[in-house]
Amino acid sequence: MSKEPVQMEQIVSLCKRRGFIFQSSEIYGGYNGFWDYGPYGVRMKRAIEQLWWNFMVETRTNVEGLDSTVICHPKVWKASGHIDQFSDEMTDCKDCKNRHRVDQMEDPTTCPACGSKNLTEPREFNLMMKTYVGPIFDEDHVAYLRAETCQPIFVDFHQVRVASRQKLPFGIAQIGKAFRNEITPRNFTFRSREFSQMEMEFFCEDENAMEWYEYWRDQRLKYYSEELQFTADDIRTHDHDKLAHYAKAAMDIEFKFPFGWGELEGIHHRGTWDMDQHQEFSGQDLQYMDHDNQRKVTPTVIETSVGVDRTFLAVLCKAYDDEEIKEGESRLVLRIPAKIAPVQAAVLPLSKKLSEPAEKLFADVGKYFRSEFDVTGSIGKRYRRQDEIGTPFCITYDFDSAEDDAVTVRNRDTMEQDRVNVTELRAYLDKKING
RNA sequence: GCGAGUGUAGCUCAGUUGGUAGAGCAUCACGUUGCCAACGUGAUUGUCGACGGUUCGAAUCCGUUCACUCGCUCCA
(Lines give C-alpha, C1' and ligand atoms only; values in the text may rest on other atoms or scores of the structure.)
Protein backbone atom coordinates (compact mmCIF):
# COMPACT_ATOMS: atom_id res chain seq x y z
CA MET A 1 0.00 0.00 0.00
CA SER A 2 2.27 2.72 -1.24
CA LYS A 3 0.98 6.21 -0.87
CA GLU A 4 1.96 9.57 -2.24
CA PRO A 5 4.28 11.39 0.16
CA VAL A 6 2.42 14.16 1.92
CA GLN A 7 3.12 17.70 0.82
CA MET A 8 3.54 20.58 3.25
CA GLU A 9 0.65 22.45 1.62
CA GLN A 10 -1.68 19.60 2.51
CA ILE A 11 -0.57 19.74 6.14
CA VAL A 12 -0.91 23.52 6.30
CA SER A 13 -4.32 23.36 4.67
CA LEU A 14 -5.61 20.67 7.00
CA CYS A 15 -4.23 22.51 10.02
CA LYS A 16 -6.09 25.64 9.07
CA ARG A 17 -9.31 23.95 7.99
CA ARG A 18 -9.66 21.78 11.06
CA GLY A 19 -8.33 24.23 13.60
CA PHE A 20 -4.96 22.76 14.49
CA ILE A 21 -2.77 25.73 13.64
CA PHE A 22 -3.37 29.06 12.01
CA GLN A 23 -1.46 32.23 11.38
CA SER A 24 -1.09 34.66 14.21
CA SER A 25 -2.85 38.00 13.76
CA GLU A 26 -4.48 36.83 10.57
CA ILE A 27 -6.99 39.69 10.36
CA TYR A 28 -4.05 42.08 10.18
CA GLY A 29 -2.48 40.11 7.36
CA GLY A 30 -0.56 37.66 9.51
CA TYR A 31 2.75 38.06 11.26
CA ASN A 32 5.78 36.32 9.89
CA GLY A 33 7.09 33.56 12.12
CA PHE A 34 4.21 33.42 14.58
CA TRP A 35 1.54 30.73 14.72
CA ASP A 36 -1.51 30.08 16.87
CA TYR A 37 -2.68 26.65 17.94
CA GLY A 38 -6.43 26.24 17.53
CA PRO A 39 -8.86 24.03 19.44
CA TYR A 40 -7.53 20.67 18.26
CA GLY A 41 -3.97 21.94 18.04
CA VAL A 42 -3.76 23.02 21.65
CA ARG A 43 -5.14 19.68 22.80
CA MET A 44 -2.50 17.79 20.90
CA LYS A 45 0.31 20.18 21.77
CA ARG A 46 -0.44 19.82 25.46
CA ALA A 47 -0.68 16.06 25.08
CA ILE A 48 2.78 15.99 23.49
CA GLU A 49 4.17 18.08 26.32
CA GLN A 50 2.50 15.81 28.85
CA LEU A 51 3.89 12.74 27.13
CA TRP A 52 7.43 14.14 27.30
CA TRP A 53 6.96 15.28 30.88
CA ASN A 54 5.78 11.85 31.95
CA PHE A 55 8.64 10.17 30.16
CA MET A 56 11.33 12.55 31.37
CA VAL A 57 10.13 13.67 34.81
CA GLU A 58 7.17 11.83 36.34
CA THR A 59 8.50 8.33 35.80
CA ARG A 60 11.98 9.08 37.14
CA THR A 61 13.36 9.81 40.55
CA ASN A 62 16.43 11.61 39.27
CA VAL A 63 14.84 14.35 37.19
CA GLU A 64 13.13 17.39 38.70
CA GLY A 65 10.89 19.94 37.05
CA LEU A 66 11.17 23.70 36.73
CA ASP A 67 9.11 26.50 35.25
CA SER A 68 11.25 29.58 35.02
CA THR A 69 10.55 33.05 33.66
CA VAL A 70 10.90 33.99 30.04
CA ILE A 71 12.75 37.15 30.99
CA CYS A 72 15.82 36.71 33.13
CA HIS A 73 18.53 39.01 34.37
CA PRO A 74 20.33 40.29 31.25
CA LYS A 75 23.63 38.99 32.61
CA VAL A 76 22.33 35.44 32.11
CA TRP A 77 22.53 35.98 28.36
CA LYS A 78 25.84 37.76 28.61
CA ALA A 79 27.23 34.76 30.48
CA SER A 80 25.67 32.23 28.13
CA GLY A 81 27.25 33.95 25.18
CA HIS A 82 23.96 34.66 23.45
CA ILE A 83 24.36 38.40 23.33
CA ASP A 84 27.75 38.08 21.68
CA GLN A 85 27.55 34.74 19.90
CA PHE A 86 24.03 35.12 18.61
CA SER A 87 25.02 38.34 17.03
CA ASP A 88 26.47 37.94 13.56
CA GLU A 89 27.73 40.58 11.20
CA MET A 90 26.31 39.78 7.78
CA THR A 91 26.95 41.23 4.36
CA ASP A 92 25.12 40.67 1.09
CA CYS A 93 26.80 40.47 -2.28
CA LYS A 94 24.90 42.78 -4.60
CA ASP A 95 26.09 40.86 -7.65
CA CYS A 96 25.55 37.18 -6.85
CA LYS A 97 22.95 37.83 -4.11
CA ASN A 98 24.65 35.53 -1.62
CA ARG A 99 24.81 36.42 2.05
CA HIS A 100 27.91 35.83 4.12
CA ARG A 101 28.95 36.03 7.73
CA VAL A 102 31.66 38.63 7.91
CA ASP A 103 33.60 36.68 10.55
CA GLN A 104 33.82 33.70 8.21
CA MET A 105 35.13 35.64 5.23
CA GLU A 106 38.83 35.55 4.43
CA ASP A 107 38.64 39.07 3.08
CA PRO A 108 35.66 41.06 4.39
CA THR A 109 35.67 43.23 1.28
CA THR A 110 35.48 40.39 -1.25
CA CYS A 111 32.57 38.03 -1.91
CA PRO A 112 33.80 34.45 -1.43
CA ALA A 113 31.24 33.17 -3.92
CA CYS A 114 31.90 35.35 -6.94
CA GLY A 115 34.84 37.56 -6.03
CA SER A 116 32.85 40.76 -6.33
CA LYS A 117 33.67 43.71 -4.11
CA ASN A 118 30.17 45.11 -4.52
CA LEU A 119 28.99 44.24 -0.99
CA THR A 120 26.50 45.85 1.34
CA GLU A 121 27.70 47.43 4.58
CA PRO A 122 28.01 44.70 7.24
CA ARG A 123 24.83 44.62 9.29
CA GLU A 124 24.35 43.06 12.68
CA PHE A 125 21.90 40.21 12.98
CA ASN A 126 21.08 39.47 16.59
CA LEU A 127 18.70 36.64 17.20
CA MET A 128 17.77 37.71 20.73
CA MET A 129 14.41 39.44 21.15
CA LYS A 130 14.93 42.67 23.00
CA THR A 131 12.62 44.45 25.39
CA TYR A 132 12.79 46.85 28.34
CA VAL A 133 12.03 46.16 31.96
CA GLY A 134 10.66 49.11 33.88
CA PRO A 135 9.09 52.24 32.47
CA ILE A 136 12.30 53.81 31.25
CA PHE A 137 13.34 52.69 27.80
CA ASP A 138 17.07 53.21 27.80
CA GLU A 139 20.11 50.98 27.47
CA ASP A 140 20.29 50.42 31.22
CA HIS A 141 16.86 48.75 31.19
CA VAL A 142 17.31 46.41 28.24
CA ALA A 143 16.26 42.81 28.78
CA TYR A 144 15.88 39.83 26.50
CA LEU A 145 13.29 37.15 25.97
CA ARG A 146 14.99 33.82 26.48
CA ALA A 147 16.40 32.30 23.32
CA GLU A 148 16.40 28.85 24.91
CA THR A 149 14.84 27.36 28.01
CA CYS A 150 18.01 25.77 29.33
CA GLN A 151 19.87 28.80 30.69
CA PRO A 152 17.49 29.40 33.61
CA ILE A 153 17.99 25.75 34.51
CA PHE A 154 21.72 26.34 34.96
CA VAL A 155 21.04 29.52 36.87
CA ASP A 156 18.60 27.79 39.24
CA PHE A 157 20.70 24.67 39.63
CA HIS A 158 21.50 25.12 43.30
CA GLN A 159 18.00 26.17 44.31
CA VAL A 160 16.51 23.12 42.67
CA ARG A 161 19.16 20.82 44.07
CA VAL A 162 18.70 22.02 47.63
CA ALA A 163 14.91 22.00 47.51
CA SER A 164 14.71 18.54 45.98
CA ARG A 165 17.60 17.12 48.09
CA GLN A 166 19.11 15.64 44.93
CA LYS A 167 22.66 14.43 44.65
CA LEU A 168 24.73 14.22 41.50
CA PRO A 169 23.84 12.84 39.05
CA PHE A 170 20.39 14.31 38.48
CA GLY A 171 18.48 16.30 35.89
CA ILE A 172 16.26 19.37 35.70
CA ALA A 173 13.57 19.58 33.03
CA GLN A 174 11.57 22.44 31.71
CA ILE A 175 8.94 23.05 29.04
CA GLY A 176 8.36 26.57 27.83
CA LYS A 177 8.47 29.26 25.24
CA ALA A 178 11.64 30.56 23.65
CA PHE A 179 12.09 33.42 21.19
CA ARG A 180 14.46 34.06 18.35
CA ASN A 181 14.55 36.70 15.68
CA GLU A 182 15.11 34.16 12.95
CA ILE A 183 16.34 35.72 9.75
CA THR A 184 13.99 33.60 7.72
CA PRO A 185 11.09 31.81 9.40
CA ARG A 186 10.36 28.95 7.04
CA ASN A 187 8.53 25.69 6.55
CA PHE A 188 5.33 26.42 8.46
CA THR A 189 5.96 26.03 12.19
CA PHE A 190 9.31 24.31 11.71
CA ARG A 191 11.23 27.52 12.16
CA SER A 192 9.27 30.25 13.89
CA ARG A 193 10.16 33.21 16.04
CA GLU A 194 8.20 32.10 19.09
CA PHE A 195 8.33 28.41 19.84
CA SER A 196 8.19 25.89 22.68
CA GLN A 197 11.05 23.77 23.87
CA MET A 198 11.23 20.74 26.12
CA GLU A 199 14.68 20.63 27.61
CA MET A 200 16.38 18.53 30.22
CA GLU A 201 19.80 19.30 31.63
CA PHE A 202 21.44 16.37 33.34
CA PHE A 203 24.16 17.25 35.85
CA CYS A 204 26.83 14.63 36.45
CA GLU A 205 30.48 14.12 37.17
CA ASP A 206 32.80 14.53 34.25
CA GLU A 207 34.15 10.97 34.46
CA ASN A 208 30.72 9.52 33.76
CA ALA A 209 29.51 12.12 31.32
CA MET A 210 29.95 10.12 28.13
CA GLU A 211 28.07 7.22 29.66
CA TRP A 212 25.18 9.53 30.50
CA TYR A 213 25.35 11.05 27.06
CA GLU A 214 24.85 7.61 25.58
CA TYR A 215 22.18 6.75 28.11
CA TRP A 216 20.11 9.80 27.26
CA ARG A 217 20.61 9.31 23.54
CA ASP A 218 19.20 5.78 23.91
CA GLN A 219 16.36 6.98 26.10
CA ARG A 220 15.41 9.64 23.64
CA LEU A 221 15.49 7.25 20.71
CA LYS A 222 13.33 4.88 22.72
CA TYR A 223 10.87 7.70 23.27
CA TYR A 224 10.57 8.33 19.55
CA SER A 225 10.11 4.69 18.64
CA GLU A 226 7.91 3.56 21.52
CA GLU A 227 5.96 6.66 22.49
CA LEU A 228 5.63 8.44 19.16
CA GLN A 229 5.87 5.27 17.07
CA PHE A 230 8.41 6.72 14.66
CA THR A 231 10.28 4.10 12.64
CA ALA A 232 13.75 3.88 11.14
CA ASP A 233 12.30 5.39 7.96
CA ASP A 234 11.11 8.48 9.82
CA ILE A 235 14.07 9.14 12.08
CA ARG A 236 17.82 9.30 11.75
CA THR A 237 20.61 10.49 13.97
CA HIS A 238 23.34 12.82 12.93
CA ASP A 239 26.55 13.26 14.88
CA HIS A 240 28.05 16.70 14.71
CA ASP A 241 31.58 16.80 13.42
CA LYS A 242 31.83 20.54 13.98
CA LEU A 243 31.00 21.25 17.61
CA ALA A 244 29.63 24.47 19.03
CA HIS A 245 31.85 26.42 21.38
CA TYR A 246 30.18 24.88 24.44
CA ALA A 247 29.94 21.27 23.30
CA LYS A 248 32.14 18.22 23.84
CA ALA A 249 29.88 15.89 21.88
CA ALA A 250 26.65 16.52 20.06
CA MET A 251 24.10 14.80 17.92
CA ASP A 252 20.77 15.55 16.35
CA ILE A 253 17.72 13.40 16.01
CA GLU A 254 16.19 14.26 12.67
CA PHE A 255 12.81 13.57 11.14
CA LYS A 256 12.07 13.14 7.47
CA PHE A 257 9.73 16.04 6.77
CA PRO A 258 8.14 16.63 3.36
CA PHE A 259 10.72 19.38 2.84
CA GLY A 260 13.63 17.16 3.83
CA TRP A 261 15.39 15.99 6.99
CA GLY A 262 14.94 18.41 9.85
CA GLU A 263 16.14 18.46 13.42
CA LEU A 264 13.68 17.50 16.14
CA GLU A 265 16.06 17.22 19.02
CA GLY A 266 19.63 17.92 19.93
CA ILE A 267 21.56 15.91 22.49
CA HIS A 268 24.63 17.71 23.70
CA HIS A 269 27.51 17.07 26.01
CA ARG A 270 28.04 20.66 27.17
CA GLY A 271 30.90 19.94 29.54
CA THR A 272 31.16 22.47 32.35
CA TRP A 273 30.93 25.40 29.96
CA ASP A 274 27.60 26.82 31.14
CA MET A 275 28.28 26.33 34.82
CA ASP A 276 31.74 27.87 34.47
CA GLN A 277 30.31 30.87 32.66
CA HIS A 278 27.59 31.51 35.22
CA GLN A 279 30.07 31.01 38.01
CA GLU A 280 32.36 33.58 36.47
CA PHE A 281 29.68 36.15 35.64
CA SER A 282 27.72 35.83 38.89
CA GLY A 283 30.71 35.46 41.17
CA GLN A 284 28.85 32.68 42.98
CA ASP A 285 30.25 29.28 43.78
CA LEU A 286 28.21 26.89 41.65
CA GLN A 287 30.28 23.83 42.43
CA TYR A 288 28.72 20.74 43.88
CA MET A 289 30.01 19.37 47.21
CA ASP A 290 30.61 15.68 46.85
CA HIS A 291 30.48 14.60 50.49
CA ASP A 292 31.27 10.97 49.74
CA ASN A 293 34.63 11.84 48.28
CA GLN A 294 35.23 15.08 50.14
CA ARG A 295 35.67 17.16 47.01
CA LYS A 296 34.01 19.95 45.08
CA VAL A 297 33.14 19.49 41.46
CA THR A 298 31.66 21.68 38.76
CA PRO A 299 28.88 19.55 37.28
CA THR A 300 29.17 18.44 33.68
CA VAL A 301 25.99 18.82 31.69
CA ILE A 302 24.29 16.49 29.26
CA GLU A 303 21.40 18.18 27.51
CA THR A 304 18.39 16.86 25.63
CA SER A 305 16.57 19.62 23.81
CA VAL A 306 13.38 19.10 21.79
CA GLY A 307 11.23 21.46 19.79
CA VAL A 308 7.57 20.97 20.71
CA ASP A 309 6.29 22.57 17.52
CA ARG A 310 8.62 20.44 15.45
CA THR A 311 7.46 17.29 17.20
CA PHE A 312 3.87 18.36 16.59
CA LEU A 313 4.58 18.91 12.90
CA ALA A 314 6.42 15.60 12.60
CA VAL A 315 3.52 13.73 14.18
CA LEU A 316 1.09 15.29 11.71
CA CYS A 317 3.30 14.57 8.70
CA LYS A 318 3.70 10.98 9.75
CA ALA A 319 0.00 10.57 10.55
CA TYR A 320 -1.40 12.07 7.37
CA ASP A 321 -2.92 9.42 5.13
CA ASP A 322 -5.20 9.96 2.17
CA GLU A 323 -6.40 6.39 2.00
CA GLU A 324 -8.21 4.96 -1.00
CA ILE A 325 -11.19 2.99 0.26
CA LYS A 326 -12.56 1.93 -3.10
CA GLU A 327 -12.52 3.15 -6.70
CA GLY A 328 -12.61 6.91 -6.68
CA GLU A 329 -13.35 7.22 -2.99
CA SER A 330 -10.81 8.08 -0.38
CA ARG A 331 -10.82 9.11 3.22
CA LEU A 332 -8.41 11.49 4.87
CA VAL A 333 -7.25 9.95 8.11
CA LEU A 334 -4.68 11.09 10.64
CA ARG A 335 -3.10 8.05 12.23
CA ILE A 336 -2.00 9.88 15.35
CA PRO A 337 -0.90 7.77 18.33
CA ALA A 338 -3.93 7.51 20.63
CA LYS A 339 -2.06 8.97 23.59
CA ILE A 340 -1.63 12.33 21.91
CA ALA A 341 -4.65 12.48 19.59
CA PRO A 342 -6.54 15.76 20.14
CA VAL A 343 -9.75 13.79 20.54
CA GLN A 344 -9.31 10.30 21.89
CA ALA A 345 -12.96 9.26 21.91
CA ALA A 346 -15.91 10.78 20.06
CA VAL A 347 -19.37 9.99 21.34
CA LEU A 348 -21.89 9.77 18.50
CA PRO A 349 -25.57 8.97 18.82
CA LEU A 350 -26.63 6.88 15.83
CA SER A 351 -29.67 9.12 15.47
CA LYS A 352 -30.62 12.51 16.84
CA LYS A 353 -33.39 10.78 18.76
CA LEU A 354 -30.68 9.19 20.89
CA SER A 355 -28.98 12.48 21.77
CA GLU A 356 -30.05 12.58 25.37
CA PRO A 357 -28.67 9.23 26.60
CA ALA A 358 -25.61 9.67 24.38
CA GLU A 359 -24.87 13.01 25.99
CA LYS A 360 -24.95 11.37 29.39
CA LEU A 361 -22.42 8.85 28.16
CA PHE A 362 -20.28 11.68 26.78
CA ALA A 363 -20.28 13.42 30.16
CA ASP A 364 -18.80 10.26 31.66
CA VAL A 365 -16.28 9.50 28.91
CA GLY A 366 -15.13 13.11 28.99
CA LYS A 367 -13.94 12.75 32.55
CA TYR A 368 -11.25 10.29 31.56
CA PHE A 369 -10.41 10.97 27.93
CA ARG A 370 -10.16 13.93 25.60
CA SER A 371 -13.51 13.59 23.94
CA GLU A 372 -16.07 15.20 21.72
CA PHE A 373 -19.78 14.87 21.08
CA ASP A 374 -21.22 15.15 17.57
CA VAL A 375 -24.78 14.66 16.42
CA THR A 376 -24.81 16.56 13.13
CA GLY A 377 -24.93 14.63 9.87
CA SER A 378 -25.05 10.96 9.04
CA ILE A 379 -23.04 8.51 11.09
CA GLY A 380 -20.67 7.85 8.17
CA LYS A 381 -20.09 11.55 7.76
CA ARG A 382 -19.27 11.90 11.41
CA TYR A 383 -16.81 9.00 11.30
CA ARG A 384 -15.00 10.73 8.45
CA ARG A 385 -14.89 13.99 10.36
CA GLN A 386 -13.25 12.22 13.26
CA ASP A 387 -10.83 10.43 10.91
CA GLU A 388 -9.69 13.79 9.66
CA ILE A 389 -8.65 14.95 13.12
CA GLY A 390 -7.20 11.58 14.07
CA THR A 391 -9.73 10.39 16.64
CA PRO A 392 -8.76 6.78 17.35
CA PHE A 393 -12.13 5.68 18.74
CA CYS A 394 -15.72 6.57 17.95
CA ILE A 395 -18.31 5.42 20.43
CA THR A 396 -21.71 4.97 18.85
CA TYR A 397 -24.82 4.86 20.98
CA ASP A 398 -27.50 3.02 19.02
CA PHE A 399 -31.10 1.82 19.38
CA ASP A 400 -30.01 -1.33 21.21
CA SER A 401 -27.85 0.52 23.72
CA ALA A 402 -30.67 1.24 26.15
CA GLU A 403 -31.57 -2.47 26.08
CA ASP A 404 -28.15 -4.13 26.42
CA ASP A 405 -26.28 -1.26 28.07
CA ALA A 406 -23.60 -1.55 25.39
CA VAL A 407 -22.18 0.64 22.63
CA THR A 408 -20.09 0.06 19.54
CA VAL A 409 -16.52 1.30 19.48
CA ARG A 410 -15.24 1.98 15.99
CA ASN A 411 -11.50 1.81 15.33
CA ARG A 412 -10.05 4.61 13.23
CA ASP A 413 -7.38 2.55 11.52
CA THR A 414 -9.25 -0.66 10.81
CA MET A 415 -12.76 0.84 10.67
CA GLU A 416 -13.87 -2.26 12.56
CA GLN A 417 -16.25 -2.19 15.49
CA ASP A 418 -16.42 -3.82 18.90
CA ARG A 419 -19.54 -4.10 21.02
CA VAL A 420 -18.54 -2.98 24.50
CA ASN A 421 -20.57 -2.92 27.68
CA VAL A 422 -20.83 0.60 29.07
CA THR A 423 -19.54 -0.53 32.46
CA GLU A 424 -16.38 -1.82 30.77
CA LEU A 425 -15.95 1.09 28.39
CA ARG A 426 -13.49 3.03 30.50
CA ALA A 427 -11.21 0.04 31.00
CA TYR A 428 -11.50 -0.90 27.33
CA LEU A 429 -10.47 2.56 26.14
CA ASP A 430 -7.79 2.95 28.77
CA LYS A 431 -6.12 -0.26 27.65
CA LYS A 432 -6.28 0.71 23.99
CA ILE A 433 -5.14 4.29 24.53
CA ASN A 434 -2.63 4.06 27.34
CA GLY A 435 -1.53 0.46 26.85
C1' G B 1 17.40 40.71 4.62
C1' C B 2 18.33 39.56 -1.03
C1' G B 3 16.37 36.99 -5.60
C1' A B 4 12.11 34.32 -7.95
C1' G B 5 6.95 32.91 -7.62
C1' U B 6 2.07 33.27 -5.38
C1' G B 7 -2.25 35.89 -2.76
C1' U B 8 -10.33 35.72 -5.29
C1' A B 9 -15.89 32.66 0.19
C1' G B 10 -13.65 27.99 5.86
C1' C B 11 -10.98 24.68 1.70
C1' U B 12 -9.73 23.87 -3.79
C1' C B 13 -10.15 27.01 -7.68
C1' A B 14 -12.77 29.83 -12.22
C1' G B 15 -13.27 34.93 -13.58
C1' U B 16 -12.45 36.19 -21.07
C1' U B 17 -9.54 42.80 -24.23
C1' G B 18 -10.64 47.18 -16.95
C1' G B 19 -17.80 47.70 -16.58
C1' U B 20 -18.39 46.97 -9.06
C1' A B 21 -18.01 38.42 -8.26
C1' G B 22 -19.01 32.53 -9.39
C1' A B 23 -18.48 26.74 -9.02
C1' G B 24 -17.44 22.33 -6.22
C1' C B 25 -16.55 20.88 -1.37
C1' A B 26 -17.34 22.41 3.70
C1' U B 27 -20.76 24.66 7.39
C1' C B 28 -25.94 25.39 9.32
C1' A B 29 -31.50 24.37 9.40
C1' C B 30 -35.68 21.18 8.21
C1' G B 31 -37.17 16.53 6.17
C1' U B 32 -35.18 11.78 5.20
C1' U B 33 -31.60 8.02 6.73
C1' G B 34 -30.34 3.81 11.37
C1' C B 35 -22.98 1.97 11.34
C1' C B 36 -18.85 4.38 7.22
C1' A B 37 -18.52 10.93 2.37
C1' A B 38 -26.67 9.12 0.82
C1' C B 39 -30.58 12.26 -0.81
C1' G B 40 -34.16 16.51 -1.11
C1' U B 41 -35.27 21.68 0.05
C1' G B 42 -33.42 26.04 1.84
C1' A B 43 -29.63 29.22 4.11
C1' U B 44 -24.86 31.62 5.57
C1' U B 45 -20.11 33.35 3.81
C1' G B 46 -16.23 37.57 0.38
C1' U B 47 -14.52 45.80 1.36
C1' C B 48 -11.05 39.79 -4.78
C1' G B 49 -4.21 40.08 1.11
C1' A B 50 -3.72 45.61 2.73
C1' C B 51 -2.86 50.79 1.47
C1' G B 52 -2.38 54.39 -2.31
C1' G B 53 -2.50 55.90 -7.59
C1' U B 54 -4.36 56.00 -12.96
C1' U B 55 -9.55 55.92 -14.84
C1' C B 56 -16.30 57.96 -15.67
C1' G B 57 -15.38 52.93 -13.73
C1' A B 58 -10.08 48.34 -11.05
C1' A B 59 -10.23 41.48 -8.78
C1' U B 60 -8.20 42.90 -13.69
C1' C B 61 -3.26 48.42 -15.01
C1' C B 62 0.82 51.01 -11.81
C1' G B 63 3.35 51.84 -6.93
C1' U B 64 4.11 50.52 -1.87
C1' U B 65 3.37 47.07 1.90
C1' C B 66 2.05 42.37 4.43
C1' A B 67 1.87 37.12 4.21
C1' C B 68 3.03 32.33 2.09
C1' U B 69 6.29 28.97 -1.16
C1' C B 70 11.36 28.05 -3.18
C1' G B 71 16.81 29.36 -3.11
C1' C B 72 20.94 31.86 -0.12
C1' U B 73 21.57 32.02 5.41
C1' C B 74 20.42 30.13 10.32
C1' C B 75 18.68 26.72 13.90
C1' A B 76 15.14 23.81 18.67
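Remember, predicted model here, so these are calculated numbers, not experimental data. Below, read A as the first sequence line, B as the second, and so on, with proteins coming before strands; counting in each chain starts at 1.
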Any strand is fair game: report the nucleotide pairing with [N] by Watson-Crick or G-U wobble, both distances under 3.5 Å, or none.
N	value
C48(B)	none
U54(B)	none
A14(B)	none
A67(B)	U6(B)
A43(B)	U27(B)
A59(B)	none
C36(B)	none
C72(B)	G1(B)

Margin query: Taking the nucleotide of RNA chain B with the nearest heavy atom to each, does L332(A) or Q23(A) sit closer to the 5' end?
Written below: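 In this pair, the answer is L332(A).
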
Check: Do D387(A) and R335(A) sit within salt-bridge range, that is, some charged N less than 4.0 Å from a carboxylate O?
Finding: no

When all nucleic acid strands are considered with a 4.0 Å heavy-atom cut-off, which category describes [X]: base, sugar-phosphate, or nothing?
X	value
E182(A)	base
F188(A)	sugar-phosphate
L350(A)	base
G33(A)	sugar-phosphate
L264(A)	sugar-phosphate
T376(A)	sugar-phosphate
T311(A)	nothing

Check: How long is the span from the CD atom in E303(A) to the CZ atom in F154(A), to the nearest 0.5 Å?
Finding: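 Spacing of CD (E303(A)) from CZ (F154(A)) equals 5.5 Å.
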
Tell me which nucleotide among [options] gets nearest to the side chain of [X].
X	options	answer
T396(A)	C75(B), C35(B), A67(B)	C35(B)
R17(A)	C36(B), C70(B), G10(B)	G10(B)
S13(A)	C11(B), C35(B), C70(B)	C11(B)
Y31(A)	C30(B), A67(B), C36(B)	A67(B)
D398(A)	C35(B), A76(B), U69(B)	C35(B)

Calculate the interatomic distance between [X] atom [atom1] and [N] atom [atom2]; express it in whole Å.
X	N	atom1	atom2	answer
R382(A)	C28(B)	CZ	C1'	15 Å
D418(A)	C35(B)	CG	C1'	14 Å
Q386(A)	C35(B)	CD	P	19 Å
E26(A)	A9(B)	CD	C1'	13 Å
F259(A)	G71(B)	CZ	P	10 Å
K381(A)	C36(B)	NZ	P	15 Å
I21(A)	C68(B)	CD1	P	13 Å
M198(A)	A76(B)	CE	P	15 Å

Hey, does the side chain of [X] come within less than 4.0 Å of [N]'s phosphate (OP1/OP2), counting only N and O?
X	N	result
N181(A)	G1(B)	no
K16(A)	G10(B)	no
N32(A)	C66(B)	no

Note to self: Check for me whether the distance between the ring centres of F190(A) and F188(A) falls short of 6.0 Å.
What the structure shows: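 For F190(A) and F188(A), the ring centres are not under 6.0 Å apart.
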
Checklist line | Y37(A) ring center within less than 6.0 Å of F20(A) ring center | finding: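 Here the rings of Y37(A) and F20(A) have centres that are no less than 6.0 Å from each other.
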
Next item on the list: Scan R384(A), K381(A), R385(A) and name whichever one has a salt bridge (charged side-chain N to carboxylate O under 4.0 Å, His left out) with D374(A).
Entry: R385(A)

Notebook entry, point to check: Do T304(A) and E199(A) get their side chains close enough for a donor-acceptor pair, meaning under 3.5 Å?
Noted result: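 Note: T304(A) and E199(A) side chains miss the donor-acceptor criterion.
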
Next item on the list: Could you tell me whether the side chains of Q386(A) and E372(A) share a donor-acceptor contact shorter than 3.5 Å?
Entry: yes

Has the side chain of [X] got a donor or acceptor atom sitting under 3.5 Å from an opposite partner on the base of [N]?
X	N	result
R385(A)	A37(B)	no
R191(A)	C74(B)	yes
R410(A)	C36(B)	yes

Next item on the list: Decide if atom CZ of R426(A) counts as having more than 12 heavy atoms of other residues, nucleotides or ligands within a radius under 6.0 Å.
Entry: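 Result for CZ/R426(A): open.
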
Note to self: Suppose you measure atom P in C2(B) against the same atom in U45(B); what distance do you get, rounded to whole Å?
What the structure shows: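 Each nucleotide's P atom is 41 Å from the other's.
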
